[in-house]
Amino acid sequence: MTTNLANFAKLDLPVAPRRRARPPKRKTRITIYLDDEVLDEFRSRAERTGTGYQTLINAALRTRLAVQEAPAVPA
């Protein structure tokens, strides 16, 4: 059976929407060793919250960095 390409060109096919340009890369893949207890806790929290454990680790690191950068408040 041969396919007639002229008939194929006449088909009324939907036009696929144009894809947006990729956003700039903001993350880097690394390898890191963590204590089993730390990883188990993040995985447990991820399961309870429905968030990925890597996302939770990233958030914890960001929070820690923000605390270090905050100016000390005089008592």
Side-chain angles (χ1 to χ4, degrees):
M1 178 183 204
T2 61
T3 303
N4 188 340
L5 294 179
N7 289 337
F8 181 75
K10 294 177 186 178
L11 291 176
D12 187 23
L13 298 174
V15 176
R18 290 185 64 116
R19 291 178 56 175
R20 293 186 202 178
R22 286 187 178 179
K25 183 178 172 185
R26 297 187 57 209
K27 294 191 177 192
T28 302
R29 180 182 299 266
I30 64 165
T31 300
I32 185 172
Y33 290 93
L34 301 172
D35 293 338
D36 290 338
E37 298 83 13
V38 171
L39 189 54
D40 289 343
E41 180 60 30
F42 275 102
R43 285 181 171 159
S44 176
R45 290 181 185 195
E47 192 172 306
R48 288 193 309 266
T49 63
T51 305
Y53 73 93
Q54 292 175 344
T55 300
L56 293 177
I57 292 170
N58 195 57
L61 291 170
R62 282 184 172 275
T63 300
R64 179 64 177 131
L65 290 174
V67 168
Q68 283 182 324
E69 291 177 0
V73 177

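Count residues from 1 along the sequence. Scope of the values below: all heavy atoms of this structure, side chains included, with no hydrogens, waters or symmetry mates.
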Applying salt bridge (charged side-chain N to carboxylate O under 4.0 Å, His left out), can you list everything that pairs with R45, at least two apart in sequence or on another chain?
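Result, salt bridge (charged side-chain N to carboxylate O under 4.0 Å, His left out) vs R45: E41.
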Linked, directly or transitively: L56 and L61 (ILVMFWY side chains, under 4.5 Å):
yes
Return yes when atom CD of E47 has more than 12 non-hydrogen atoms of other residues, nucleotides or ligands closer than 6.0 Å, and no otherwise.
no
Residues two or more places apart in sequence or in another chain: which of them pass side-chain contact (heavy atoms from CB on, under 4.5 Å) with [X]?
X: S44; answer: R48
X: I32; answer: I30, L34
X: A60; answer: F42
X: E69; answer: none

Look up atom OH in Y53 and atom OG1 in T51, then write down how far apart they are to the nearest 0.5 Å.
14.0 Å
Please name the pair of heavy atoms, one in G52 and one in A46, separated by the smallest distance, quoted to 0.1 Å.
C-CB, 3.8 Å
Hydrophobic side-chain clustering at under 4.5 Å (ILVMFWY, transitive links): who's grouped with L65? Put none if nobody.
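Result for L65 is none, singleton.
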Could you check whether any side-chain heavy atom of V38 comes within less than 4.5 Å of a side-chain heavy atom of I57, counting everything from C-beta outward?
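Result no, sub-4.5 Å side-chain heavy-atom pair not found.
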By side-chain hydrogen bond (donor to acceptor under 3.5 Å, both in side chains) - contacts of T55 (at least two apart)
none
